[in-house]
J.: 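Sharing a structure below in structure tokens format, with a few things to ask.
Bear in mind that the values here come from a model prediction, so they are computed numbers and not experimental data. Just so we're on the same page: letters track the sequence lines, and every chain starts at 1.
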2 protein chains.
Amino acid sequence: MNIGEIARRAGVSRSTVSYALSGRRSVSPETKQRIQAVIDEIGYRPNAAARALKEGRTRTLGLVIPPASLRLTDMQLGFVASVVEAAARADLDVLLSPSGGDHDRSFERIVSGRRVDGVLLMEIRLEDERVGRLRQAGLPFVTIGHTADPHGTSWIDVDYAGLVARCVHHLADLGHRTIALLNRSPELLAAGYGPAHRAQAGFAEAVRQRGLSGIELPCADDPAAGEEWLEQLREHHPDVTAVTTVNEAAMPGLQRGIERLGVAVPGELSIAGVAARHWAEGFRPQLTAADVPALEMGSHAVELLLERIATPTHPHRHLLLAPPISLRDSTGPARPD
Amino acid sequence: MNIGEIARRAGVSRSTVSYALSGRRSVSPETKQRIQAVIDEIGYRPNAAARALKEGRTRTLGLVIPPASLRLTDMQLGFVASVVEAAARADLDVLLSPSGGDHDRSFERIVSGRRVDGVLLMEIRLEDERVGRLRQAGLPFVTIGHTADPHGTSWIDVDYAGLVARCVHHLADLGHRTIALLNRSPELLAAGYGPAHRAQAGFAEAVRQRGLSGIELPCADDPAAGEEWLEQLREHHPDVTAVTTVNEAAMPGLQRGIERLGVAVPGELSIAGVAARHWAEGFRPQLTAADVPALEMGSHAVELLLERIATPTHPHRHLLLAPPISLRDSTGPARPD
DNA sequence: TTGTATGCGTTATCAC
DNA sequence: GTGATAACGCATACAA
């Protein structure tokens, strides 16, 4: 069903139908109504490919996600969902591309085939060749997380350094003197993964400022590792009275360890961290945490990208989100010792 | 960069470039090489919209997901990732549409705008108007889960009834006489959600066959509800010695309850269920469970859809997956009583 | 207020 | 083995 058929049935020319739909020139009420009746009857919608070809834009955004082989974290998945929904609100579709980082066919297809008007790049690495590729293609893009050299790119990120520091300060205010950081995995740290590095940096700086004793211990992103982590902590660092965590995936294990070892929280051990709200509220006791706003991040990212698409010459913008820390039940005064 | 520019630089006609690329007619080795050189130099790729317009197909699949407001389960998310990857393997892109069920703009755009060659419909309800819409539009589709009347549709699903029944039989073989089913939420049951209903049916039938006492208790899809569920079970049904679960999201709460109440598993209580492997292996003790193969489901679904796209007249196919139950550490002989 | 004609970038048919 | 050209469906400049 195409516009010519609608025109024929309504007894007008194709351009009249087109204008009636776009409203870019006035069409008499009667003809407009006649056209609308035909459209409603046969359920016509403009062919997306023809429109994209003519207009030079696809009304589609590309979202580059990590490949399925790397299990996506809850936060990443929440972000994907929120991007799709934010795009839908703007009447845009989202094309997904699973890409490991090395140039892959799906990524190339989207970029050089002009399948999308702009790209959201998730899980960006400190050095990421896809950024160069997108820049070279002249395709607007926004990165989630930022590269080592964030100039000339628009990005949105979570201020892990600041949030971890705030957690440390909160714990220090409660009298804790020896604090551990439950960080992401050693592999991610080695690979130069931004959030893990910035958590480390923010922790180190805050610990220094407050003259505390800080112990940073990486942990693989899974429950079993979280449980093991707690065991190691209790055995090798019995003086630690508070923990700051940025590792959501390890939390079920942390929880299990707390139950199994009978650790009183916050009596014996205070815990504060960075986590999605439902993780924090699902923890027992409920976790004092900076609630990462995955849903808002999606809308913000889309908003930033739409801005770049509309005015590519616009100066780049950065959004470093630092949600407030929600005080819940997992932090309390340090034990008298 | 378009095909005309390539032709100009290579000193040939546009059709020759097109044929050199598609191989649909022979091109002399020299010209072919010259063309390839130009293409490599400037990184040309055919414009997707022009190609789609001309060929009448988009090389894109639509994936309809539940809206972000309903938090997607781990299994659903795994499925999305696996679909995207399976599609990428076939050089196809995936367009996401968040749709609640009532007709929404995103869904309509994809369907009537001919944005995709076929659609995968997730989280289908027993009565689902989107099926009618797709059929009317003449767009090939495959549903994940099946409708009340599954005739004339191709679908793929998990055999919850069969798997739950096998769990019950396994537990019965171990001497358990009173078994509880940890089902999905009352809301989902009320809404006619297939998996919850079929779990219920399979449970009831197996319990009947073995002459057991069966107690079906729904549970909201979250950790807190899982913990509460276990408390209620211990209080009101102290004679239950085994549990069958199909509620992944409640498992962290079940785990916490087990630790907190000091329930010995499998000494006091055996647990068998249906869960993704990483959930089963993350549980303590590791869970005897039918491992839902989310990754394979994605490839199978894509395969089924590609078949329908290729030959729409082909008879419909159904795939009811029943993965074997992996024996782990959470099931054992019934306590002597 | 409406109709005619053109071009977006491709593929495929026809002609050489 | 290669080139000219039509057509896919739409939006819009131009004409009336």
J.: My understanding is that only residues two or more places apart in sequence, or in another chain, count here; which of them pass salt bridge (Lys or Arg N to Asp or Glu O under 4.0 Å) with E296(B)?
T.: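 With sequence neighbours excluded, E296(B) shows a salt bridge (Lys or Arg N to Asp or Glu O under 4.0 Å) to no residue whatsoever.
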
J.: If the condition is salt bridge (Lys or Arg N to Asp or Glu O under 4.0 Å), which residues does D159(B) pass it with, not counting sequence neighbours?
T.: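 Salt bridge (Lys or Arg N to Asp or Glu O under 4.0 Å) list for D159(B), sorted by chain: empty.
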
J.: Start at the 5' end of DNA chain D and walk down; is the nucleotide closest to P29(B) or to R59(A) reached first?
T.: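 Closer to the 5' end of DNA chain D: P29(B).
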
J.: Report yes or no: do T31(A) and S28(A) form a side-chain donor-acceptor pair below 3.5 Å?
T.: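 Distance-only check passes for T31(A) and S28(A).
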
J.: Could you give all pairs that pass the side chain to side chain donor-acceptor pair (under 3.5 Å) test and reach residues 38-53 of chain B, with sequence neighbours left out?
T.: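 For residues 38-53 of chain B, and leaving out neighbouring residues, the side chain to side chain donor-acceptor pair (under 3.5 Å) pairs sorted by first residue read Q36(B)-D40(B).
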
J.: Is it true that S97(B) and R109(B) share a donor-acceptor pair across their side chains at a distance under 3.5 Å?
T.: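 Checked: R109(B)/S97(B) side chains show no N/O donor-acceptor pair below 3.5 Å.
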
J.: E5(A) has an atom CD; how far is it from atom P of dC8(D), in whole Å?
T.: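 Rounded to whole Å, this separation is 13 Å.
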
J.: Does a side chain donor of either T313(B) or T311(B) reach within less than 3.5 Å of an acceptor in the other side chain?
T.: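 Note: T313(B) and T311(B) side chains miss the donor-acceptor criterion.
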
J.: One character per nucleotide, please: for nucleotides 9-16 of chain C, 5' to 3', B when the base has a protein heavy atom closer than 4.0 Å, S when only the sugar-phosphate does, - otherwise.
T.: BBBBBB--

J.: Hey, does the side chain of T31(A) come within less than 4.0 Å of dT1(C)'s phosphate (OP1/OP2), counting only N and O?
T.: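 Indeed not, no polar side-chain atom of T31(A) lies that close.
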
J.: As a quick check of understanding, evaluate salt bridge (charged side-chain N to carboxylate O under 4.0 Å, His left out) for R57(B) and E55(B), giving each step before the final call.
T.: CA-CA 5 Å; R57(B) 62 171 185 150; E55(B) 293 191 329; 3.7 Å; yes

J.: If we fit an axis to the first five pairs and another to the last five of the helix from dT1(C)-dA16(D) to dC16(C)-dG1(D), what angle do they make, to the nearest 10°?
T.: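 The end axes of the helix from dT1(C)-dA16(D) to dC16(C)-dG1(D) are about 50° apart, to the nearest 10°.
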
J.: Does T16(B) make a side-chain N or O approach to OP1 or OP2 of dG3(D) shorter than 4.0 Å?
T.: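 Checking dG3(D) against T16(B), a side-chain N or O does come within under 4.0 Å of OP1 or OP2.
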
J.: Just jot down the salt bridge (Lys or Arg N to Asp or Glu O under 4.0 Å) partners of R8(B), sequence neighbours excluded, or say none.
T.: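 Expected list: E5(B).
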
